[in-house]
> 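Take a look at this one; I'll ask things after.
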Amino acid sequence: MAKNVIVIGTQWGDEGKGKIVDWLTDSVKAVVRFQGGNNAGHTLVVGGKKTILRLIPSGILHDGVRCFIGSGVVVSPQALFEEIEELKKAGVDVESRLIIAPTCPLILPYHKALDHAREAAKGDKKIGTTGRGIGPAYEDKVARRSIRAIDLFNLPLLQEKIKANLEIYNVQLQHLYGQQPVEFDVVYQELISYAERIKPLIGDVSNTLYQIHKSGGKILFEGAQGTLLDIDYGTYPFVTSSNCVAGAASAGAGVAPQMLDYVLGIVKAYTTRVGSGPFPTELFDDTGKLLAERGNEFGSVTGRPRRCGWFDAPALRRSLQINGVTGMCITKLDVLDTLPEIKICTGYKIGDKTVDILPFGSDEVSLCEPIYETMAGWQSNTFGVQKYEDLPENARNYLQRLQELVGVPVSIVSTGPDRVQTIIVEHPFDN
Ligand code: GDP
Ligand code: IMO
Ligand code: MG
């Protein structure tokens with residue numbers, strides 16, 4: 001029986017990870033974020049009430065479940081407490097159940113300033129980041145100059161580190177981008193204003209997870225972003241700045257790889273992308289608009305419209321392979337309900353070559369021309385269906401075809417945003 005399950009986005013993010021993590025939390029003692037930051041926007045709907053989480057694990061709505069932010073996550077103290085306050089207003093107690101790793105790099109105002117300045121300077125070549133300072137914060141980590149959560153316990157050293165970083169950032173902001181410098185006092189005072197509240201949340205994530213695991217508790221690992229936004233394997237440079245693949249959970253949470261038993265790949269029944277970068281099956285016609293409208297495809301963090309397109313099997317093959325996906329959860333099937341015909345991309349043409357798996361990097365991916373096959377739609381309502389056999393025959397045919405094309409079974413189907421609008425084919429924790 002699977003003890004620990006990892007939920008991974010298999011496309012360009014926003015596949016519906018949050019909904020499924022919340023739903024699976026019924027079975028676990030702990031939910032862990034292991035990469036990304038508040039660039040994520042994970043939407044949970046419970047009894048018609050919507051909650052959008054950015055940094056806090058999507059298990060938080062379940063009383064008694066412990067939530068963890070591992071070392072692979074970049075943490076904005078400001079965003080963290082905004083989210084904690086929002087949840088508090090909704091009656092959810094966060095601070096008694098959340099542990100943050102001491103080694104988490106912090107996102108500070110100069111990271112956001114540089115993210116914005118760079119994007120503005122790039123003009124139409126911009127990445128379309130979420131503007132949350134994610135890229136610069138991860139750069140600091142790799143450059144070994146991050147201010148980390150643990151630094152809040154040594155204020156003289158913290159001041160020194162901030163000053164050293166500002167020397168680097170302000171040169172870039174002023175002289176490369178013509179922006180105002182960021183003042184030391186602004187950064188330090190803001191950080192100090194949060195310090196006493198963050199300090200009690202800091203704890204040994206890695207060891208606590210190990211102890212929960214050893215005593216038989218199940219753990220859910222919550223991926224953010226999606227495999228095609230992964231810093232190594234995505235459409236580089238139009239990617240985020242962390243590894244979003246299943247393998248990242250081990251390093252990012254500080255647990256052994258043997259602790260990851262079941263990889264649940266979240267797969268939207270079509271494809272979306274927010275921000276710039278190549279997208280082979282993108283639709284620019286009325287069908288694209290229909291998917292955007294029916295799927296309410298607007299970024300949960302930035303409100304930007306998401307680009308929409310057909311299901312892309314070669315992209316999925318890459319993603320399922322890299323993540324070792326055990327079972328797929330197909331989400332937003334209901335969004336396709338009204339279509340008379342549905343296309344599936346089965347491979348790409350690149351010049352006179354045909355390929356069946358997504359190449360690496362944006363230069364190659366932008367050369368991919370999709371090869372489509374067409375299936376009949378079902379043109380009936382699947383919204384809220386809870387049993388597989390209650391799905392219309394053509395919807396079942398569509399799911400069957402997706403499985404055949406990518407070679408991984410479907411374990412869950414999602415037919416609406418609410419927790420209960422879910423079909424279980426094989427429960428990941430019963431596997
Ligand atoms: P995440 O980032 O992967 O957690 O996904 P987001 O929350 O950013 O985006 C998914 C959107 O689709 C949210 O608005 C969800 O409420 C919604 N959603 C999730 N599953 C379904 C589904 O099966 N059908 C419909 N219609 N909406 C869904
Ligand atoms: P969830 O977890 C969709 C995209 C941004 C941009 C690129 C880099 O909700 O699926 P960044 O701010 O990370 O430097 O932006 O990555 N991006 C996402 N797109 N869903 C997300 O998260 C995303 N997080 C980042 O739009 O193209
Ligand atoms: Mg999202």
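First listed ligand is number 1; within each ligand, the first listed atom is number 1. A quick note: this is a predicted structure, and the numbers were derived from the prediction, not measured.
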> To which protein heavy atom is atom 2 (O) of ligand 1 closest, and what is the distance rounded to 0.1 Å?
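The protein heavy atom lying closest is Gly41 O, 2.9 Å.
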
> Distance to 0.1 Å, residue and atom name: give those for the protein heavy atom nearest to atom 16 (O) of ligand 1.
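Protein heavy atom with the smallest distance to atom 16 (O) of ligand 1: Pro417 CB, 3.4 Å.
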
> Does the side chain of Thr235 pick up a donor-acceptor pair with the side chain of Arg273 at under 3.5 Å?
yes

> Nearest protein heavy-atom contact for atom 11 (C) of ligand 1: which residue, which atom, what distance?
Lys332 NZ, 3.5 Å

> Can you pull out the closest protein heavy atom to atom 20 (N) of ligand 1? Residue, atom name and distance to 0.1 Å, please.
Ser414 OG, 3.5 Å

> Ignoring hydrogens, what is the shortest heavy-atom contact between Glu364 and Pro359? Give both atom names and the distance.
CB-CB, 3.7 Å

> May I ask you to check whether Tyr236 and Phe360 place their ring centres under 6.0 Å from each other?
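Centroid separation for Phe360 and Tyr236: 6.0 Å or greater.
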
> Give the atom numbers and elements of ligand 2 that come within less than 4.0 Å of a heavy atom of Gly275.
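Answer for ligand 2: 27 (O).
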
> If we ignore angles and hydrogens, is there a donor and acceptor under 3.5 Å between the side chains of Thr331 and Ser414?
no

> Closer than 4.0 Å to some heavy atom of Gly18 - which atoms of ligand 1 meet that?
4 (O)

> Which protein non-hydrogen atom lies closest to atom 13 (O) of ligand 2, naming both residue and atom, and how far is it?
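Of the protein heavy atoms, Thr240 OG1, 2.6 Å lies nearest.
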
> Consider only side-chain N and O atoms of Glu222 and Ser58, and report whether a donor and an acceptor are under 3.5 Å apart.
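Indeed, the side chains of Glu222 and Ser58 share at least one donor-acceptor pair under 3.5 Å.
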
> For Ala113, does its backbone N or O pair with a side-chain atom of His116 as donor and acceptor, under 3.5 Å?
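Answer holds: no.
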
> Does the residue Ser241 have a heavy-atom contact with ligand 2, meaning some pair of atoms that are separated by less than 4.0 Å?
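Outside the 4.0 Å threshold, so no.
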
> Considering only non-hydrogen protein atoms, determine which one is nearest to atom 15 (C) of ligand 1 and report residue, atom name and distance to 0.1 Å.
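The protein heavy atom lying closest is Thr43 CB, 3.9 Å.
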
> Show the atoms of ligand 2 that are less than 4.0 angstrom away from any heavy atom in Ala224.
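Answer, ordered by atom number: 2 (O).
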
> Would you check the N or O atoms of Gly131, main chain and side chain alike, for any that come under 3.5 Å of an N or O of ligand 2?
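Such a contact does not occur with ligand 2.
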
> Using distance alone, with no hydrogens and no angle criterion, decide if Glu297 and Tyr270 have a side-chain donor and acceptor under 3.5 Å apart.
yes

> Do ligand 2 and Thr130 have nitrogen or oxygen atoms that lie under 3.5 Å from each other?
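Yes, at least one N or O pair falls under 3.5 Å.
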
> Heavy-atom pairs closer than 4.0 Å: do any link ligand 1 to the side chain of Arg306, the backbone, both, or neither?
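It is the side chain that gets close, since no backbone atom is under 4.0 Å.
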
> Taking only non-hydrogen atoms of Gly416, do any sit less than 4.0 angstrom from ligand 1?
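Judged by the 4.0 Å heavy-atom criterion, Gly416 does count as contacting ligand 1.
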
> Is it the case that the side chains of Asn323 and Thr227 hold a donor-acceptor pair, with the cut-off being a distance below 3.5 Å and no angle test?
yes

> If we count only N and O atoms by modelled type, under 3.5 Å, do the side chains of Ser411 and Tyr262 hold a donor and an acceptor together?
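Indeed, the side chains of Ser411 and Tyr262 share at least one donor-acceptor pair under 3.5 Å.
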
> Could you check whether any heavy atom of Arg306 sits closer than 4.0 Å to an atom of ligand 2, since that is the contact criterion I want to use?
no

> Tell me, please: is Gly128 in heavy-atom contact with ligand 2, that is, under 4.0 Å?
yes

> Strictly by modelled atom types, are Thr25 and Asp22 linked by a side-chain donor-acceptor pair under 3.5 Å?
no

> Does one side chain, of Lys126 or Ser276, offer a donor that lies under 3.5 Å from an acceptor on the other?
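Note: Lys126 and Ser276 side chains miss the donor-acceptor criterion.
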
> Are Gly13 and ligand 1 in contact, using a heavy-atom cut-off of under 4.0 Å?
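Per 4.0 Å heavy-atom rule, Gly13 does not contact ligand 1.
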
> Looking only at protein heavy atoms, which one is nearest to atom 27 (O) of ligand 2, and how far off is it?
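Going atom by atom, the protein heavy atom closest to atom 27 (O) of ligand 2 ends up being Val274 O, 3.2 Å.
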
> Quick check on Asp115 - does any of its heavy atoms sit under 4.0 Å from an atom of ligand 2?
no

> Would you say Gln225 and Gln35 are linked by a side-chain donor-acceptor pair, where the criterion is simply a distance under 3.5 Å?
yes

> Are Ser380 and Asp337 close enough that a side-chain donor and a side-chain acceptor fall under 3.5 Å?
no

> Indicate yes or no: does an N/O atom of Asp14 lie under 3.5 Å from an N/O atom of ligand 2?
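The answer is yes, given that Asp14 and ligand 2 share an N or O pair closer than 3.5 Å.
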
> Do any heavy atoms of Asp334 fall under 4.0 Å from ligand 1?
yes

> Report, in ascending order of atom number, the atoms of ligand 2 lying under 4.0 Å from any heavy atom of Ala40.
1 (P), 2 (O), 9 (O), 22 (O)

> Which residue owns the protein heavy atom closest to atom 10 (C) of ligand 1, what's the atom, and how far is it?
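For atom 10 (C) of ligand 1, the nearest protein heavy atom comes out as Asp14 O, 3.8 Å.
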
> Could you please spell out the steps behind the salt bridge (Lys or Arg N to Asp or Glu O under 4.0 Å) verdict for Glu95 and Arg197?
CA-CA 9 Å; Glu95 279 157 290; Arg197 269 185 92 182; 3.1 Å; yes

> Is Phe238 close enough to touch ligand 2? Criterion: a residue heavy atom under 4.0 Å from a ligand atom.
no

> Under 4.0 Å from a heavy atom of Gly16: give me the atoms of ligand 1 that qualify, with their elements.
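The list of qualifying atoms is 1 (P), 3 (O), 4 (O), 5 (O).
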
> When only distance counts, is Glu15 in polar contact with ligand 2, meaning an N/O pair under 3.5 Å?
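In fact, backbone or side chain, Glu15 has no N or O that close.
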
> Please confirm whether Arg132 approaches ligand 2 to less than 4.0 Å, judged on its heavy atoms.
no

> Are the ring centres of Trp23 and His427 closer than 6.0 Å?
yes

> For atom 17 (N) of ligand 2, which of the options Ile52, Leu229, Asn39 provides the nearest non-hydrogen atom?
Leu229

> Quick check on contacts: which atoms of ligand 2 are under 4.0 angstrom from a heavy atom of Val239?
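Every atom of ligand 2 under 4.0 Å from some heavy atom of Val239: 7 (C), 8 (C).
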
> Heavy-atom contacts with Lys17 under 4.0 Å: which atoms of ligand 2 show up? List them by number with element.
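Matching atoms, with element in brackets: 1 (P), 2 (O), 10 (O).
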
> For Thr130, is there any backbone N or O sitting under 3.5 Å from a side-chain donor or acceptor partner on Arg132?
yes

> Using a strict cut-off of 4.0 Å, indicate which atoms of ligand 2 neighbour a heavy atom of Trp12.
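Result: 3 (C), 19 (N).
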
> Is the Mg ion (ligand 3) less than 2.8 Å from at least one N/O/S atom of Gly18?
no

> Of the non-hydrogen atoms in Leu290 and Thr338, which two are nearest, and what is the gap between them?
CD2-OG1, 3.7 Å

> Quick one: do the Asp312 and Tyr348 side chains pair a donor with an acceptor below 3.5 Å?
yes

> Is there a nitrogen or oxygen of Ser276 sitting under 3.5 Å from a nitrogen or oxygen of ligand 2?
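No, no N or O pair falls under 3.5 Å.
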
